Amino acid sequence: MAMEYESNNWIWEWMYNTPHLFGGLMLTAALLGFSTSYFGGIGNFPVSYAWSNLGFLLKKKREKRRVRVYMDGCFDLMHYGHANALRQAKALGDELVVGVVSDEEIIANKGPPILSMEERLALVSGLKWVDQVIANAPYAITEEFMNSLFNEHKIDYIIHGDDPCLLPDGSDAYALAKIAGRYKQIKRTEGVSSTDIGNSVSNYSTTYMHTGRILSSVNDNNGIGDNNSTLSKVDSGKRRQLQRGQLSQFLPTSRRIVQFSNGKGPGPNARIVYIDGAFDLFHAGHVEILKKARQLGDFLLVGIYPDCIVSEQRGMPYPVMHLLERTLSVLACRYVDEVIIGAPWEVTKDMITTFNISLVVHGTVAESNSSLPGETDPYAIPKSMGIFRLLESPKSITTSSVAQRIVTNHEVYMKRNAKKLQSEKKYYEEKAYVAGD
């Protein structure tokens, strides 16, 4: 951690900001002291003292206080857009502090969140660019909270995207930060837009970008994640049509993948742990099992199934996120060192040899622990080699349970709006009746 200094001390500020000028003055004073001392003058100024102080000041310059930036959000249904926003925010400073908005504030400004505060904190804390998390942050930057950020948390700048963030009264949620001159802006992630949201949930923010895909494909709640559901039995042509309809507008690039990657390979004697899965609708359960897997070795390699395998194993409407979206979500996790994009269903001997895998692990909580009829155990080879371990999953949450929450929340949202519309209709009808009298 870098050493801090008091910015209100003008003497130190001058020395830090003009090191060459101050160094010159110190050298001149040192030489003058040497000459007056040599000739017996008054004001003896030792050379060693001057040089030691100059070295101390140069060291202080190098240890200048790190810039701390703050960004907040609901982070409900964490996706690559959130991760990329926080990546950009971190690039504007040295340390990133993230505020996670409270459930109460989300309900008041948007609607009920899909994920709990604990789950949202796990997701945000699991991102590689996040240094500190503040729970139960307010939706709007109030003067009291802004002063707390500046004084208690030593925040230099408050960051937000270039998309407007308006309060219910139409005012700017970041107005005070802008007035204070402590506001910086980042670009919205390309391809992440409200067009991904169904018209029925258009009042929700881009946090709910995946809900439209689920709601457009799921006709009944009992069909979610069930291979025997009506949706999973549709013919292949119809299924492809549904899949095309639920694709996002996200345009992946190699540059984006590089930005999310660690860019480092394992050491020569590293213990490499391998875990695979769909990692669809990346959630707190994924973060926790990846954390547990990483603790078993020096390097965590994650295999991400291609869309066709996920669809075959779990039926429609999965995967909700396509392969490269899921890849970015996994790469953003701080516990992940490398990924295999489009990993095979079975862990082969060739894979184990090629990637020098020391241990293959799998969680106890999954969408389905049983293979389809006629299929072999995907972990048969690592089991025969004695390098397979079943990990107790820290959380019971799954992609299907998250999808179920989305459907349930949508129903509550629709019922609430229906009651609101009925009340408004009754009010205006009564008002019209009185006016007619």
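Just so it is clear, the structure is predicted and the values come from calculations on it, not from any experiment.
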Any salt bridge between [X] and [Y], counting N to O under 4.0 Å?
| X | Y | result |
| --- | --- | --- |
| D337 | K264 | no |
| D76 | K110 | no |
| E118 | K395 | yes |
| R68 | D131 | no |

Run through R65, K184, R182, R66 and flag the one making a side chain to side chain donor-acceptor pair (under 3.5 Å) with D156.
R65
For N84 and F260, run side-chain contact (heavy atoms from CB on, under 4.5 Å): C-alpha distance rounded to whole Å, both residues' side-chain angles, the deciding distance at 0.1 Å, then the answer.
CA-CA 8 Å; N84 191 46; F260 275 52; 3.7 Å; yes
F75 vs L86, test: side-chain contact (heavy atoms from CB on, under 4.5 Å). Steps then yes/no.
CA-CA 11 Å; F75 304 106; L86 293 174; 3.9 Å; yes
Any [X] side-chain heavy atom under 4.5 Å of [Y] side chain:
| X | Y | answer |
| --- | --- | --- |
| K383 | V360 | no |
| P394 | K292 | yes |
| L115 | L123 | yes |
| K178 | D172 | yes |
| D276 | V347 | yes |
| V361 | L390 | no |
| Y335 | V287 | yes |
| V336 | L290 | yes |

Side-chain ([X]) to main-chain ([Y]) donor-acceptor, under 3.5 angstrom:
| X | Y | result |
| --- | --- | --- |
| S358 | V273 | no |
| E325 | H322 | yes |
| R326 | F282 | no |
| T353 | K349 | yes |
| E338 | V302 | no |
| R120 | V101 | yes |
| H153 | I155 | no |
| E119 | S116 | yes |
| T354 | D350 | yes |
| T327 | L323 | yes |

Minimal non-hydrogen separation, [X] against [Y], with atom names:
| X | Y | result |
| --- | --- | --- |
| I134 | Y70 | CD1-CE1, 4.2 Å |
| I397 | A284 | CG2-C, 4.5 Å |
| H283 | T399 | NE2-N, 3.5 Å |
| A293 | L300 | CB-CD1, 3.9 Å |
| N409 | P113 | ND2-O, 3.4 Å |
| G181 | Y157 | O-CE2, 4.4 Å |

In sequence, state the C-alpha distance, the side-chain angles, and the governing distance for S171 and D169, and then conclude on side chain to side chain donor-acceptor pair (under 3.5 Å).
CA-CA 6 Å; S171 60; D169 62 2; 2.6 Å; yes
Strictly by modelled atom types, are Y318 and D280 linked by a side-chain donor-acceptor pair under 3.5 Å?
no
Is a side-chain donor-acceptor pair under 3.5 Å present for H160 with Y183?
no
Just how far is it from atom [atom1] of [X] to atom [atom2] of [Y], taken to the nearest 0.5 Å?
| X | Y | atom1 | atom2 | answer |
| --- | --- | --- | --- | --- |
| S102 | Y139 | OG | OH | 12.0 Å |
| M385 | I387 | CE | CD1 | 4.0 Å |
| Y274 | I340 | OH | CD1 | 4.5 Å |
| I304 | I309 | CD1 | CD1 | 12.5 Å |
| L77 | M321 | CG | CE | 9.5 Å |
| D298 | N269 | CG | CG | 9.0 Å |

Would you check if the distance from the ring center of Y379 to the ring center of W345 is below 6.0 Å?
no
side-chain contact (heavy atoms from CB on, under 4.5 Å) between C165 and Y174, intermediate numbers included:
CA-CA 8 Å; C165 184; Y174 295 90; 3.9 Å; yes
Can K128 and N262 be said to form a side-chain contact (heavy atoms from CB on, under 4.5 Å), step by step?
CA-CA 9 Å; K128 63 175 65 173; N262 287 345; 2.8 Å; yes
Passes side chain to side chain donor-acceptor pair (under 3.5 Å), E288 versus S393? Steps please.
CA-CA 8 Å; E288 295 299 333; S393 298; over 6 Å; no
